[in-house]
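Working notes, structure below.
Order of the sequence lines sets the chain letters (A, B, ...), proteins ahead of strands, with each chain counted from 1.
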Amino acid sequence: MAFICRFAPSPTGPLHIGGVRTALFNWLLAKKNKGKFYLRIEDTDKERSKEEFKKQIIESLSWIGIKHDDKEFIQSKNINKHKEVAEELLKKGFAYKCYCSEEEIKKQKEKCKNQGIPYVYNRKWRDAKDVAIPKDAKPVIRFKSKISGNTIIKDLVQGEINISNSIIEDFVILRQDGSPTYQLSATVDDHIMKVSHVIRGDDHKINTFKQKQIYESMKWNIPHFAHIPLIHSEKGSKLSKRDKSSTINDYVKIGILPDALRNYLLRLGWAYKDKEIFTLNESIQLFDLKGVGKSPSKLDMSRILSLNEHYIKNIDEKILFEFLKNYSQKFKKAIDPSKEDMIVKSISFLKNKAKTLEDIYNNSQYILKEEITITPEDIKLLDSNSKKIISEFLEEFMKIKLPTKESLEKIVNSLISKHKTNFKGVGQPLRIALVGSRFGPGIYNIILSLPKNEIEKRISKAS
RNA sequence: GGUCCCAUCGUCUAACGGUUAGGACAGAUGGUUUUCAAUCAUCUAAUCGGGGUUCGAUUCCCCGUGGGACCGCCA
């Protein structure tokens, strides 16, 4: 049997990483089973659907490495088909026209609320043969849900879910304006696309009981369902579009690598033994629905950072540089082409102090900036003795044609004994002069990464 | 409120009904170091509560408690 998955977001807001994880799980499963992964844009809410969100969704997925098969499906293009199905359901007696006004429904709800009883649509028009149809009233079409008995859904993650049919109301499938609702459109499209596995957030669980009835009425094959637990914000509730750090871009802009976030999202709610680091291939091979937990998980920034640190330290340095270059272009000041070589040479030690691309960028400032400004706190550390030491260093340094670590060590050591000081006595003022701060890379790394004239300039200025 | 779901260190999670309840992140301490990091070593830290079933329960069942989701002519 073909293995067909889909991710079906609505473009009514930016995709957050909960959605990205749902997409990832779908995609992984499709890849693992050599099946298909489709993207369906559910844009039937005309008011709120925006082209920019559709773009953001596709960009987010592609950033993390998820590519959908074929062209994306646009749900609104299929509306006629959805309407046809509604008509068919109507004809076959599985649906009916309901002339209740929105006012009327609203009143019923309020009444129920006041009485403290749960609201279910009263099925007024379900078998209304003798009721007079109000003039000028446009009907909605409601699905005739089962009234008695129980329905069990075998969910691939949640196990068996059993509910009483009576709590599923006669839901609307066609609105007053004739447009199809989500319950109808999603079901019809899943059928048309021959979706075999519907993997979606836990919040869709109840919908399954509605949609299953449509499948049954139409005598369509029912796909497998898997409802994965939601991701919670630090506050402990469902991730929403308003949460900080919830979209892909929130992570991109602080310099998180796609692989790191992919790895993080993979392990959020899923595990394979004790394994923490998964290459892309490993995640495709090892991922399965059995390993998905049932309880929601909380977002943990420090873990994302730690994973990112791991990937920063382990990916190829050329690739890392490309990431950095891109990152600076997009979010900071683009790296001056004349400085690129210096960064490339230094990235091996710059990355060691970094958890993010932003960290690397910040660590590179002493190379990228034209002017070094020494922080007020550090300028105090440059006393007359230190100044003397660094100018003596410069004098010796300028005599060397091609500086190496060894030759630099020689100078430093002689200064240490001459001034009866320790390494710090020489290294600290040098670092302050060269970097503008007492924090920074190893002093030999700094000196070897900078052009000679630049060193001369900075030390003379500071001493 | 109704319905459904869930429950292991602070967090993410592992553990055929038999383990000293494991790993990772975070935290703490110490070593190393040239500052900050990094790194190495060590440590702290959990089976929500109560009943069963069983020789034996984190695991199975029931009841509480806590948390979450849903309850739209949104998706």
Give [X] one of three labels, base, sugar-phosphate or nothing, depending on what nucleic acid heavy atoms sit under 4.0 Å from its own.
{"X": "A:Lys313", "value": "sugar-phosphate"}
{"X": "A:Lys210", "value": "nothing"}
{"X": "A:Gly201", "value": "nothing"}
{"X": "A:Cys98", "value": "nothing"}

Identify all pairs in which a protein N or O lies below 3.5 Å from an N or O of nucleotides 4-7 of chain B, and state each distance.
| unit_1 | atom_1 | unit_2 | atom_2 | d |
| --- | --- | --- | --- | --- |
| B:C5 | O4' | A:Lys205 | NZ | 3.3 |
| B:C5 | O2' | A:Gln158 | OE1 | 3.3 |
| B:C6 | OP1 | A:Lys294 | NZ | 3.2 |

**Q.** Candidate nucleotides B:C12, B:C73, B:G23, ranked by approach to the side chain of A:Asp274 - the nearest
**A.** B:G23
Q. Is there a donor-acceptor contact under 3.5 Å linking the side chains of A:Asp202 and A:His227?
A. no
Q) Would you say the side chains of A:Ser185 and A:His82 form a donor-acceptor pair under 3.5 Å? A) yes
Q. Hey, does the side chain of A:Ser217 reach the backbone of A:Gln213 with a donor-acceptor pair shorter than 3.5 angstrom?
A. yes
Between protein and nucleic acid, restricted to nucleotides 61-66 of chain B and to nitrogen or oxygen atoms under 3.5 Å apart, what atom pairs and distances do you find?
none

Q.
Quiz question: going by heavy-atom distance under 3.5 Å, is there a donor-acceptor pair between the base of B:U34 and the side chain of A:Arg431?
A. yes
Q) Checking only heavy atoms, does the side chain of A:Arg303 share a donor-acceptor pair with the base of B:A26 at less than 3.5 Å? A) no
Q: Strictly below 4.0 Å, heavy-atom distances to any atom of RNA chain B: list the hits from residues 44-56 of chain A, or just say none.
A: A:Thr44, A:Asp45, A:Arg48
Q. Among residues 4-28 of chain A, which residues get a heavy atom nearer than 4.0 Å to RNA chain B?
A. A:Ser10
Q: Check step by step if ring-ring contact (aromatic ring centres under 6.0 Å, His included) holds for A:Tyr38 and A:Phe73.
A: CA-CA 8 Å; A:Tyr38 297 132; A:Phe73 287 72; 5.4 Å; yes
Q. Once you round it to whole Å, what is the distance between P of B:A75 and NE2 of A:His82?
A. 11 Å
Q) Nearest-Å distance, OH (A:Tyr264) to P (B:U11)? A) 12 Å
Q) For the residue pair A:Tyr327 and A:Tyr361, does the interplanar ring angle fall in the parallel (under 30°), tilted (30 to 60°) or perpendicular (over 60°) class? A) perpendicular
Q | Watson-Crick or G-U wobble mate for B:C9, both contacts under 3.5 Å | A | none
Show me the side-chain donor-acceptor pairs of residues 99-107 of chain A shorter than 3.5 Å, one per line, residues at least two apart or across chains.
| unit_1 | atom_1 | unit_2 | atom_2 | d |
| --- | --- | --- | --- | --- |
| A:Ser101 | OG | A:Glu104 | N | 3.2 |
| A:Glu104 | OE1 | A:Ser101 | N | 3.4 |
| A:Glu104 | OE2 | A:Lys124 | NZ | 2.8 |

Q: Go through the structure and list residues passing side chain to side chain donor-acceptor pair (under 3.5 Å) with A:Asn422, not counting sequence neighbours.
A: none
